[in-house]
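Single-structure report; data block below.
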Amino acid sequence: MSVTESALKPPATPVSTALPGLGRALVSAGKLGQKTAEQIFLKAQVSRSSFMAELTGSGAVSAFDLAHIMSTSFAAPLVDMDAVDIQRLPKGLLDSKICVSCRIVVLGKRNNRLIIATADPSDQGVEEKIKFSTQLGVDWVIAEYDKLSRLVDASNATATDVIENIVGEDFEFDEDISSAASLLESEAAASEVEDAPIVRFLHKMLVDAFNMRASDLHFEPFEHYYRVRFRVDGELREISSPPIAIKEKLAARIKVISKLDISEKRVPQDGKMKLKIGPDRVIDFRVSTLPTLFGEKIVIRILDPGSAKLGIDALGYELVEKERLLDAIKRPYGMVLVTGPTGSGKTVSLYTCLNILNTAGVNIATAEDPAEITLPGVNQVSMNERAGMTFPVALKAFLRQDPDIIMVGEIRDVETADIAIKAAQTGHLVMSTLHTNDAPSTLTRMRNMGIAPFNIASSVILITAQRLARRLCAHCKSAIDIPRDAMLQAGFKEIDLDGSWKPFHPVGCSKCNNGYKGRVGIYQVMPISEEIQKIVLRDGSALDIAAQAEAEGVRSLRQSGLYKVKLGMTSMEEVLGCTNV
């Protein structure tokens, strides 16, 4: 017996040979022969599937033609389901089991009638089932069966199903870190079992971010969707769009392992968590929550302790700049300031210097908000304003702790600045950060904070301004001809354009991110000379200080960046984007 004959063999129980309304409509329209329609209907009964599914699966009539025939025959509007936003579909108007079994989608409600998309409006049984369940009337709109089925499955999939698909059923940690990749255990072990897909999804995002060398992870809820973005090489990239239904459980999971208050959703919170990588390496994560209109946005910053141990050569300082910085931090007293915007690598620079100075014969104390990177041998104190632990309080305590070196996370107010300057004047090396555009403007910024010119001139010994530019991919970067006038306008000098080199531009390949891979530091390292001290004492402007620094051979940030362009490390457009003239 052939496969076809076997499939069409009458079942043990009697079956109906009367065509449904859909079959009769197709035969009447001349789109399907009577015998073919009866065979398809018989096969549907034998396999216990719907006539519509067998009809479209057999290829006798295309889903597109079928939808147009139904729209004409039943005088119902036609809708393209690809244009329907699944996130905006109404919830709770009809039992999802009915939607799945009948292959229908509720599009809305008008007065006491539901607007429902279907591929077969001829099925009276479906309409009666809806009316019995909801006590509402039905207005049909017609959709193509294949598109409608996809939307039915997608709209009725649970958040767990979607997360499983994102993570993968056979999810494992990356081979390099599978031996011990796990977050620190939390007290909520029972809920972890229940919400295992959420836990695995979070683990996957953290591991993926680490493998992609991302600096931050953003978990962002919006009205109709949820997204996860990574900041890679300074640029945000959308990585995943999980179902919005997970936002509460994901936020709760992150809060539990960060030791934050799960019940508090009205105010921002800060915390920390860890990821163990291998037997002897742990990555710290700084967690920040922020209440938004549609839920809590969470940003996780990756704090790799290994970054402080890379050494000063890995940061991208040129030889002269490195020597100036090393000379300053090896002096017995004075103040060294690192300036730049958020995310410019100030913390890594400070910790690199501390790591150089961290020996058994030196007492180092740091005041940070919060302490980001753990450095063995250094006494680190995190600020806690609620408990009364502020920068001024910590600095006053440090001075009674016999310190040699003091690091202040940031000078934010005149009180902190005054204590730090007094410490620098009384035999201590003080290191700190400020938010200014360049090195010369740092001195005028301190003057504007209310610090006396004499105190500034007598305490500050060196200022480093810095930026992070994306590094060109060594595998795909390509030389480019840029008009001479454009290069002069960017800041190159005539002597630089001698024809012995060409700038490079990003191309993009499988080994990089749009032509860039990693970042390189751009620095302006300005020692405070006697001439600059005189300008400060007579209350000179930042322009006066900058002119004197240039006369002493200090490169501006733009000049330092263009030198990196000349070396082929980065592109000219990248330098123009992150530095001022």
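Computed from heavy atoms alone, side chains included, the values below leave out hydrogens, waters and symmetry copies.
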Legend entry - Criterion side chain to side chain contact (heavy atoms under 4.5 Å, CB included) on L206 and F210, from CA distance to verdict: CA-CA 6 Å; L206 293 175; F210 177 77; over 6 Å; no

Inset, instruction - Answer yes or no: is there a donor N or O on one side and an acceptor on the other, between the side chain of K109 and the main chain of P90, under 3.5 Å? - result: no

Legend entry - Which residues share a ring-ring contact (aromatic ring centres under 6.0 Å, His included) with Y225, sequence neighbours left out: F222

Inset, instruction - Please tell me if the side chains of E368 and M383 come closer than 4.5 Å, counting only heavy atoms from C-beta onward. - result: no

Inset, instruction - Is it possible for you to check whether K477 lies under 6.0 Å from the centre of the six-membered ring of F504, through NZ or CZ, and within 45° of that ring's axis? - result: yes

Legend entry - Min side-chain heavy-atom separation T134-L114 under 4.5 Å: yes

Inset, instruction - May I ask you to test the E235-N513 pair for a side-chain heavy-atom distance under 4.5 Å? - result: no

Legend entry - Test item: V199 and F201 side chains (from C-beta on) under 4.5 Å apart, heavy atoms: no

Inset, instruction - Calculate, to the nearest 0.5 Å, the distance between atoms NZ and CZ belonging to K272 and F285 respectively. - result: 11.5 Å

Legend entry - side chain to side chain donor-acceptor pair (under 3.5 Å) evaluation trace for S571 with Y516: CA-CA 9 Å; S571 64; Y516 296 97; 2.7 Å; yes

Legend entry - N/O donor-acceptor pair under 3.5 Å between H435 side chain and G340 backbone: yes

Inset, instruction - Using a strict 4.0 Å threshold on nitrogen-to-oxygen distance, state whether D233 and K517 make a salt bridge. - result: no

Inset, instruction - Grab the two heavy atoms, one from L468 and one from G343, that are nearest each other, plus how far apart they are. - result: CD1-O, 3.7 Å

Inset, instruction - Please check if any side-chain donor atom of S263 sits under 3.5 Å from a side-chain acceptor atom of D261, or the reverse. - result: yes

Inset, instruction - Under the side chain to side chain contact (heavy atoms under 4.5 Å, CB included) rule, what do I300 and F219 come out as? Steps first, then yes or no, please. - result: CA-CA 8 Å; I300 301 177; F219 297 86; 3.6 Å; yes

Legend entry - Minimum-distance pair of heavy atoms, taken over all atoms of P242 and V228: CD-CG2, 4.1 Å

Legend entry - Check: R470 main-chain N/O paired with E574 side-chain donor or acceptor under 3.5 Å: yes

Inset, instruction - Decide if atom CG of D216 counts as having more than 12 heavy atoms of other residues, nucleotides or ligands within a radius under 6.0 Å. - result: yes

Inset, instruction - For residues E220 and R227, determine if any side-chain heavy atom of one lies less than 4.5 Å from a side-chain heavy atom of the other. - result: yes

Inset, instruction - Could you tell me whether the side chain of E144 and the main chain of M81 form a donor-acceptor pair under 3.5 Å? - result: no

Legend entry - Atom of S258, atom of V287 and distance for their closest heavy-atom approach: OG-CG2, 3.3 Å

Legend entry - Note: D369-R412 ion pair, threshold 4.0 Å (strictly below): yes

Legend entry - Main-chain N/O of D146 paired with S149 side-chain donor or acceptor, under 3.5 Å: no

Legend entry - Separation between OH of Y226 and CD1 of I244, rounded to the nearest 0.5 Å: 9.0 Å

Legend entry - Contact summary for C476 and C512, nearest pair of heavy atoms: SG-SG, 3.7 Å

Legend entry - Donor-acceptor contact below 3.5 Å, side chain S133 vs main chain I130: no

Inset, instruction - Answer yes or no: is there an ion pair linking E238 with R229, defined by an N-O contact shorter than 4.0 Å? - result: no

Legend entry - Point-to-point distance, once rounded to the nearest 0.5 Å, from CZ of R467 to SG of C578: 7.5 Å

Legend entry - Atom pair CD (Q466) and OG (S349), whose distance is rounded to the nearest 0.5 Å: 3.5 Å

Legend entry - N111 side chain to R113 backbone, donor-acceptor under 3.5 Å: no

Inset, instruction - Test E296 against every option in K265, K255, Q269 by the side-chain hydrogen bond (donor to acceptor under 3.5 Å, both in side chains) rule and name the one that passes. - result: K255

Legend entry - Exam field: side chain Q135 to backbone F132, donor-acceptor pair closer than 3.5 Å: yes

Legend entry - SG on C99 to CD1 on I104, rounded to 0.5 Å: 5.0 Å

Inset, instruction - Would you confirm whether T579, through its side chain, and V575, through its main-chain N or O, come within 3.5 Å as a donor-acceptor pair? - result: yes

Legend entry - From D270 atom CG to S288 atom OG, the distance as rounded to the nearest 0.5 Å: 4.5 Å

Inset, instruction - Grab the two heavy atoms, one from K129 and one from C102, that are nearest each other, plus how far apart they are. - result: NZ-SG, 4.1 Å

Legend entry - Lys/Arg-Asp/Glu bridge criterion (N-O < 4.0 Å) met for E127, K131: yes

